[in-house]
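As structure tokens, the structure follows; a few thoughts come after it.
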Amino acid sequence: MRKFTSFAVATATAVLLAAVPASAAVDEGGRPAAVDGVSRPAPDNDWVPVPSAPFEQPAGITCDFPVRGEPVLDRVVKLVLARYPDGSVKREMYTGALLYRVTNMTTGASVEVDISGSSVLDIRPGGSYGSNVTWRVWGPILLGMHQGKSNYPAGMYVPNGIYTVKVSESGYRKLTFTVGGARNLCDEL
């Protein structure tokens, strides 16, 4: 799986780099100054850590019981790949090791999951990490689905494979697989 993930990251990087016009001008700092005569903010050049916070959910949000999640290992980083003319993020990439412990707060049962998938987020104007965005993902992530607000039944899912998560402006989540499947942690806890 590690070879496949490395191949997928290399392929995604090659595809993203191929989209940059060869004729783009650069300023003295090596940043794009203008493309076709139009000035645009440059992407960021550094990977930055993105710490994952612990969370608690009451019963009925994703599982029929209250759930707690907490990072056990967190080495996730992100890179901004493109910005809108106003400077807001248009496209960013996330990758890195992430292990989470998810606990049924009623029984104390818990499971540790590897959710070290990599993703590229395309954020539509006015969007954010959680709304008006399309995630293109390879590998596992932790994804809460709410009743009536997704194309899956309510649950705390770990999708794995190659897939997209489209989140509408209202927060509706649509999970679509190219290859792979998802496990519902609520069923295991």
Side-chain angles (χ1 to χ4, degrees), residues 1-13 46-81 89 92-123 128-131 133-167 171-189:
M1 184 66 180
R2 179 56 70 191
K3 286 183 182 178
F4 174 76
T5 301
S6 298
F7 172 75
V9 169
T11 302
T13 302
D46 296 316
W47 289 94
V48 294
V50 186
S52 297
F55 67 88
E56 288 188 5
Q57 287 183 343
I61 300 293
T62 55
C63 299
D64 292 335
F65 44 85
V67 178
R68 179 177 50 243
E70 54 197 335
V72 175
L73 171 71
D74 187 352
R75 295 206 177 117
V76 176
V77 292
K78 78 172 180 175
L79 176 68
V80 174
L81 301 171
V89 175
E92 58 191 1
M93 183 174 191
Y94 289 78
T95 193
L98 183 58
L99 301 177
Y100 244 73
R101 178 179 300 113
V102 180
T103 303
N104 176 330
M105 293 172 61
T106 300
T107 66
S110 67
V111 62
E112 286 188 12
V113 290
D114 180 349
I115 52 173
S116 303
S118 296
S119 58
V120 173
L121 280 64
D122 289 313
I123 303 169
S128 68
Y129 178 82
S131 71
V133 62
T134 298
W135 294 50
R136 288 169 174 65
V137 187
W138 52 98
I141 64 171
L142 188 60
L143 181 62
M145 299 295 237
H146 304 182
Q147 191 64 40
K149 294 184 178 180
S150 66
N151 66 327
Y152 272 65
M156 181 71 61
Y157 289 92
V158 178
N160 196 356
I162 300 173
Y163 51 97
T164 60
V165 179
K166 290 186 180 181
V167 187
Y172 183 90
R173 296 176 177 187
K174 182 177 180 186
L175 172 61
T176 307
F177 284 93
T178 300
V179 64
R183 71 190 245 218
N184 186 350
L185 297 182
C186 300
D187 295 340
E188 298 176 28
L189 295 170

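Basis for what follows: all heavy atoms, side chains included, without hydrogens, waters or symmetry-related copies.
The side chain to side chain donor-acceptor pair (under 3.5 Å) test applied to Thr134 returns Arg124, not counting sequence neighbours. For the ring pair (Phe, Tyr, Trp, His ring centres under 6.0 Å) test, no residue two or more places apart in sequence or in another chain qualifies with Phe55. Contacts of Phe65 classified as ring pair (Phe, Tyr, Trp, His ring centres under 6.0 Å), with partners at least two apart in sequence or in another chain: none. Judged as a salt bridge (Lys or Arg N to Asp or Glu O under 4.0 Å), and not counting sequence neighbours, Arg173 has no contacts. Under the ring pair (Phe, Tyr, Trp, His ring centres under 6.0 Å) criterion, Tyr100 pairs with no residue at all, not counting sequence neighbours. Scanning for side chain to side chain donor-acceptor pair (under 3.5 Å) contacts around Glu56 gives an empty result, with sequence neighbours left out. A search for side-chain contact (heavy atoms from CB on, under 4.5 Å) contacts involving Ala97 returns Leu73, Arg75, Ser116, not counting sequence neighbours. Partners of Thr164 under the side-chain contact (heavy atoms from CB on, under 4.5 Å) rule, at least two apart in sequence or in another chain, are Arg136, Thr176. Residues passing the side-chain contact (heavy atoms from CB on, under 4.5 Å) test with Pro58, sequence neighbours excluded: Ile61.
A distance of 8.0 Å separates CD1 in Ile141 from CD1 in Ile115, rounded to the nearest 0.5 Å.
Residue pairs meeting the side chain to side chain donor-acceptor pair (under 3.5 Å) criterion with at least one partner in residues 177-189, sequence neighbours excluded, are Arg183-Glu188. Residue pairs meeting the side chain to side chain donor-acceptor pair (under 3.5 Å) criterion with at least one member in residues 147-156, sequence neighbours excluded, do not occur. Residues in residues 61-72 take part in these side chain to side chain donor-acceptor pair (under 3.5 Å) pairs, two or more places apart or across chains: Gln57-Thr62.
Distance alone, capped at 3.5 Å, is enough to place a donor-acceptor pair between the Asn104 side chain and the Leu189 backbone.
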